[in-house]
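Counting begins at 1 with the first residue of the sequence. Side chains included, hydrogens not; waters and symmetry mates left out as well; all remaining heavy atoms used.
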Amino acid sequence: METNPIFHADTRDGELARALSIAMHALVVHNRKCFEIEGEKITSDFTREIAVARNALALLGVKAFETLPYLQPIPGVQRGD
């Protein structure tokens, strides 16, 4: 499956699309998880934040859960020590 070309764009919109996508997927992974903090059990709920990120990605032309190119270098990001 082809990735959306915006993820490869070295532009402001490309950077926003990559950042929003990473944030949305991190929230999805941690949504509805149970935690115990100071003896109190709570369940995370990032439903609203996920919806906001999805809507912002839609404005950039990215469909929810579209294939992401993270196995390739991200433009402008230096890897290494």
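Hydrophobic clustering of Ile, Leu, Val, Met, Phe, Trp and Tyr side chains at less than 4.5 Å, counting indirect connections, unites Leu16 with Ile6.
Atom CD of residue Glu40 and atom CD1 of residue Ile42 lie 6.5 Å apart, to the nearest 0.5 angstrom.
Under the side chain to side chain donor-acceptor pair (under 3.5 Å) criterion, Thr11 pairs with no residue at all, not counting sequence neighbours. Every residue two or more places apart in sequence or in another chain that forms a side chain to side chain donor-acceptor pair (under 3.5 Å) with Asp45 is listed here: Thr47.
Here the closest non-hydrogen pair linking Ala17 and Phe7 is O-CE2, 3.6 Å.
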Just list the side-chain donor-acceptor pairs under 3.5 Å for residues 54-64, sequence neighbours left out, or say none.
{"from": "Asn55", "atom 1": "ND2", "to": "Ala51", "atom 2": "O", "distance (Å)": "3.3"}

Using atom types as modelled, flag every donor-acceptor pair under 3.5 Å from a side chain in residues 26-38 to any protein atom, sequence neighbours excluded.
{"from": "His30", "atom 1": "ND1", "to": "Ala26", "atom 2": "O", "distance (Å)": "2.8"}
{"from": "Asn31", "atom 1": "OD1", "to": "Phe46", "atom 2": "N", "distance (Å)": "2.6"}

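In this structure, Arg12 does not pair ionically with Glu15, as no charged nitrogen and carboxylate oxygen lie closer than 4.0 Å.
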